[in-house]
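Here is the structure we will look at, set down as structure tokens.
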Amino acid sequence: MRLHPVAPMLVPRLAREDCNIAGYDIPKGTQVLANTWTISRDPEIWDNPTEFKPERFIGKEIDVKGHDFELLPFGAGRRICPGYPLGLKVIQASLANLLHGFNWRLPDTIKKEDLNMEEIFGLSTPKKIPLEVVVEPRLPNHLYSL
Ligand code: HEM
């Protein structure tokens, strides 16, 4: 959610009055876009920003619920994603099921360090090059029948 947020830009906002943010004058009527993708890779905020290191959050108060402006995968304020509690639960449940049910590995022809993590930028950020993986069941067969 930090390195690869689903939506790289938040929904556009319109300034209702003249204001100044971090030294920048923003006149009333300006359309403002928050670039969450760039903020969550800002080296002034994050150590080794391009490194996937989930343990960086251990013991930190920071969360994804719109209060910490350095990490806004669901946006913030009045137009924050209303589906974020569902989104978080679906991601956690799906990921847990996939990891519990299958062993995952890269094909022998691809090395971990060669994995392409580029994205296509648009309203959302799908992977530029689809991930190829070898998936093997790790539980007894009868557990996979519907
Ligand atoms: C991991 C899953 C999801 C992510 C990362 C996500 C992300 C976002 C983001 C970034 C916004 C823009 C917020 C802003 O500009 O401040 C948004 C808006 C919205 N999301 Fe989600 N979302 C997710 C799941 C869902 C789900 C499950 C629902 C509905 C069941 C949902 C419904 C909406 C709606 C209706 C808006 C527009 C809110 C408005 O403009 O007032 N989202 N979402």
Side-chain angles (χ1 to χ4, degrees), residues 1-107 110 112-139 143-146:
M1 301 219 114
R2 180 187 70 85
L3 266 179
H4 304 286
V6 174
M9 306 285 255
L10 297 185
V11 175
R13 265 68 171 182
L14 198 73
R16 287 190 304 179
E17 53 196 52
D18 292 344
C19 53
N20 183 292
I21 297 180
Y24 293 93
D25 286 324
I26 306 197
K28 178 180 174 179
T30 307
Q31 193 179 69
V32 182
L33 284 141
N35 187 335
T36 41
W37 191 91
T38 304
I39 295 169
S40 56
R41 288 168 176 246
D42 184 345
E44 289 188 14
I45 302 174
W46 304 96
D47 293 334
N48 303 318
T50 55
E51 207 175 304
F52 175 64
K53 220 172 81 184
E55 62 274 22
R56 68 170 79 232
F57 294 103
I58 294 175
K60 299 261 167 67
E61 290 292 312
I62 184 167
D63 73 21
V64 293
K65 296 173 186 164
H67 302 292
D68 301 300
F69 286 0
E70 58 272 58
L71 187 68
L72 295 173
F74 295 103
R78 276 197 230 175
R79 305 300 293 271
I80 189 173
C81 173
Y84 85 77
L86 177 62
L88 285 175
K89 286 181 184 73
V90 169
I91 291 176
Q92 287 164 3
S94 315
L95 192 60
N97 268 300
L98 291 172
L99 294 175
H100 180 61
F102 302 92
N103 287 320
W104 299 79
R105 66 177 171 83
L106 289 173
I110 304 179
K112 193 173 92 183
E113 41 294 358
D114 296 336
L115 209 55
N116 185 302
M117 294 302 289
E118 286 175 275
E119 298 153 318
I120 299 170
F121 286 91
L123 281 180
S124 63
T125 43
K127 271 177 73 54
K128 190 167 170 186
I129 301 187
L131 178 66
E132 273 180 57
V133 282
V134 180
V135 184
E136 286 153 354
R138 57 178 291 274
L139 301 173
L143 293 176
Y144 295 91
S145 56
L146 289 175

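In listed order, ligands and their atoms are each counted from 1. Since we're looking at a predicted model, the values are computed, not measured. Counting from 1, the numbers follow the sequence of the chain as shown.
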With rounding to the nearest 0.5 angstrom, report the [atom1] to [atom2] distance, [X] to [Y].
{"X": "Asp114", "Y": "Ile110", "atom1": "CG", "atom2": "CD1", "answer": "8.5 Å"}
{"X": "Leu131", "Y": "Leu115", "atom1": "CG", "atom2": "CG", "answer": "6.0 Å"}
{"X": "Glu118", "Y": "Ile129", "atom1": "CD", "atom2": "CD1", "answer": "6.5 Å"}
{"X": "His67", "Y": "Leu72", "atom1": "NE2", "atom2": "CG", "answer": "10.5 Å"}
{"X": "Ile45", "Y": "Arg2", "atom1": "CD1", "atom2": "CZ", "answer": "10.5 Å"}

Would you mind running through ligand 1 and noting each atom that sits below 4.0 Å from a heavy atom of [X]?
{"X": "Ile91", "value": "1 (C)"}
{"X": "Arg79", "value": "13 (C), 14 (C), 16 (O), 38 (C), 39 (C), 40 (O), 41 (O)"}
{"X": "Val11", "value": "12 (C), 15 (O)"}

Of the backbone atoms (N, CA, C, O) and the side-chain heavy atoms from C-beta on, which set of Ala76 has a member under 4.0 Å from an atom of ligand 1: side chain, backbone, both, or neither?
backbone

Residue part near ligand 1, for Lys89, under 4.0 Å between non-hydrogen atoms
neither

Nearest heavy-atom pair of Tyr144 and Arg138: which atoms, and what distance?
OH-N, 3.1 Å

Between Asn48 and Lys53, the two heavy atoms sitting closest are ND2-NZ, 4.5 Å

State yes or no: are the ring centers of Phe57 and Trp46 separated by less than 6.0 Å?
yes

Please check whether Arg13 reaches ligand 1 - meaning an N/O of the residue sits under 3.5 Å from an N/O of the ligand, judged on distance alone.
yes

Mind telling me whether Phe74 and Tyr84 have parallel, tilted or perpendicular rings, with 30° and 60° as the class edges?
tilted

Nearest non-hydrogen protein atom, atom 30 (C) of ligand 1:
Leu86 CD2, 3.9 Å

Nearest protein heavy atom to atom 7 (C) of ligand 1, by residue and atom, and its distance?
Pro73 O, 3.5 Å

Residue pair Glu70 / Asp42, side-chain heavy-atom distance below 4.5 Å:
no

Protein-derived N, O or S atoms lying under 2.8 Å from atom 21 (Fe) of ligand 1, waters excluded:
1

